[in-house]
Structures are given as structure tokens and as C-alpha cells.
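Values below: every heavy atom of this structure, side chains too, minus hydrogens, waters and symmetry copies. From a predicted model like this one, the values you see are computed outputs, not experimental measurements.
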Amino acid sequence: MILRYCYAEDGYTHHGDKIPDVPVVHLALRVGRYLARGLAIVDTGFDGGVYPNMDVVKLFRGVKPAKVVEFEHPAYGLCEFEVYQAEVFLYHGGVYTELGLGNVYIPVEPELISEEVLVGREILNKLELTLNARKMVTVVKV
């Protein structure tokens, strides 16, 4: 199955310079009976699976983390993250493509929760993924 996602526009700096468009996929996560889906930024620099925003964090209310790990955050240095499991899917045209279980890394410090969801190499390395000059992300499920 081949899925294609258009890059998302990222706007302009306060000086009026265009910020480069961002490679994204439509990601869905299932935790128990709850399902969340939306855009996730393709972040090959993130070692983990999913770095959540607040909407994703809410899926794990009342769930115990599988473990606690430390990651190097680019702005804050070494930080603790609680690791949770979720069923991970790519979403495209009303169809969910299952990728199996994935780790979701929730920062212990609330100020480290961002507005965007990032999908990192734990998930990306399961896919044949192409980023190209036509501003498309092409995914071939492996």
C-alpha cells in the first residue's frame, strides 16, 4: 500500500521570511477504547516513537507507564519521560493502516509538552519512507 501526504505549511518568521514546509503524516493512536488522530511531524532526529501534544497525553489519563527513561531534549538537556504503549496507525482517505504497538514518550515536566505531535525513528524505521522535492511524504508500508 502506498500513502502520500503533502507537506504542511509552517508560515513566516516575524521578519517575513518563509519557514520551510514540514513533512507530516496523519497518525492515529488507540489506547483502550480511545482513539486520537491528526497530523504528526516526521522527525528523524527524535529517537523515540511518538512525542505527544496535550490531546495525546489525555489518552493516557489513569494508565500506568511501562517505564521511565531519559532523553536529551535540544533546549532543556537531559529530561525524564514516562513511556506508554499505544496501537499506532497511519490514517489516509478514511483507511487506517496498522503499524503495531508503539512507544509514546510523555515528558514528566509539563512545560516540555509541545503543540505538535512528532513521530520519530521507532515508528519511521518500520516504513519505507521517501521525502521528496515535490513536498510529498510517500510511505510504503513494510
Side-chain angles (χ1 to χ4, degrees), residues 1-14 17-142:
M1 174 178 281
I2 296 175
L3 308 173
R4 289 190 174 87
Y5 300 98
C6 294
Y7 280 33
E9 289 190 21
D10 201 16
Y12 294 86
T13 68
H14 63 280
D17 299 319
K18 173 123 177 53
I19 299 171
D21 294 339
V22 181
V24 295
V25 294
H26 291 255
L27 194 69
L29 301 172
R30 179 180 294 137
V31 179
R33 61 185 177 98
Y34 298 108
L35 179 74
R37 72 170 192 237
L39 289 180
I41 295 173
V42 173
D43 186 349
T44 61
F46 175 45
D47 299 338
V50 177
Y51 193 109
N53 64 8
M54 189 53 77
D55 293 329
V56 172
V57 169
K58 291 176 185 177
L59 292 174
F60 296 96
R61 200 175 295 157
V63 177
K64 293 184 85 165
K67 59 185 172 182
V68 176
V69 299
E70 291 181 331
F71 268 120
E72 188 73 28
H73 190 283
Y76 298 99
L78 200 58
C79 300
E80 278 192 344
F81 291 80
E82 294 179 336
V83 182
Y84 296 85
Q85 294 263 300
E87 294 176 71
V88 180
F89 303 85
L90 290 178
Y91 178 77
H92 191 276
V95 176
Y96 292 91
T97 302
E98 186 173 356
L99 300 179
L101 286 177
N103 290 323
V104 179
Y105 294 81
I106 299 178
V108 172
E109 299 298 325
E111 63 268 13
L112 298 180
I113 298 172
S114 71
E115 294 178 22
E116 294 93 10
V117 173
L118 306 178
V119 60
R121 291 191 314 268
E122 278 183 10
I123 304 292
L124 298 175
N125 287 348
K126 295 179 180 182
L127 307 169
E128 182 180 316
L129 181 74
T130 304
L131 308 178
N132 67 39
R134 292 186 310 269
K135 297 185 180 176
M136 296 287 289
V137 176
T138 302
V139 178
V140 179
K141 186 176 182 303
V142 176

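- When the side chain to side chain donor-acceptor pair (under 3.5 Å) test is applied to Arg30, no partner is found at least two apart in sequence or on another chain.
- Between Ala86 and Val104, the shortest heavy-atom distance links the atoms CB-CG2, 4.1 Å.
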So Glu87 and Leu101, side chain to side chain contact (heavy atoms under 4.5 Å, CB included) or not? Walk me through it. CA-CA 5 Å; Glu87 294 176 71; Leu101 286 177; 4.1 Å; yes
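- Atom CZ of Phe89 is separated from atom CD of Glu98 by 4.5 Å, given to the nearest 0.5 angstrom.
- Looking only at side-chain heavy atoms (C-beta outward), Leu127 and Leu99 come within less than 4.5 Å of each other.
- At least one side-chain heavy atom of Ile113 sits under 4.5 Å from a side-chain heavy atom of Pro107.
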Could you give the side-chain donor-acceptor pairs of residues 54-64 under 3.5 Å, partners two or more places apart or in another chain?
none

Result block: side-chain N/O donor-acceptor pairs under 3.5 angstrom for residues 3-10, not counting sequence neighbours:
from: Tyr5; atom 1: OH; to: Tyr91; atom 2: O; distance (Å): 3.1

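- In this structure Lys135 satisfies the side chain to side chain donor-acceptor pair (under 3.5 Å) test together with Asp21, sequence neighbours excluded.
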Chi angles and distances behind the side chain to side chain contact (heavy atoms under 4.5 Å, CB included) call for Leu29, Leu35: CA-CA 6 Å; Leu29 301 172; Leu35 179 74; 6.0 Å; no
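- Residues Ile123 and Val88 meet the side-chain proximity criterion, which asks for heavy atoms closer than 4.5 Å.
- For Glu122, the side chain to side chain donor-acceptor pair (under 3.5 Å) criterion is met by Asn103, Tyr105, not counting sequence neighbours.
- Judged as a salt bridge (Lys or Arg N to Asp or Glu O under 4.0 Å), not a single pair has a partner in residues 99-115 (not counting sequence neighbours).
- Annotation: side chain of Ile2 is not in contact with side chain of Val139 (no heavy-atom distance under 4.5 Å).
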List, one per line, each side-chain donor-acceptor pair under 3.5 Å for residues 36-45, sequence neighbours excluded.
from: Arg37; atom 1: NH1; to: Tyr96; atom 2: OH; distance (Å): 2.7
from: Asp43; atom 1: OD1; to: Gly45; atom 2: N; distance (Å): 2.9
from: Asp43; atom 1: OD1; to: Phe46; atom 2: N; distance (Å): 3.3

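- Under the rule for a side chain to side chain donor-acceptor pair (under 3.5 Å), the partners of Tyr84 that lie at least two apart in sequence or sit in another chain are Glu82.
- Between Val137 and Pro23, the closest heavy-atom pair is CG2-CB, 3.6 Å.
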Could you list the donor-acceptor pairs under 3.5 angstrom formed by side chains in residues 65-79, with sequence neighbours left out?
from: His73; atom 1: ND1; to: Ala75; atom 2: N; distance (Å): 3.1
from: His73; atom 1: ND1; to: Tyr76; atom 2: N; distance (Å): 3.4

Taking it one step at a time, do Leu129 and Thr138 satisfy side chain to side chain contact (heavy atoms under 4.5 Å, CB included)? CA-CA 6 Å; Leu129 181 74; Thr138 302; over 6 Å; no
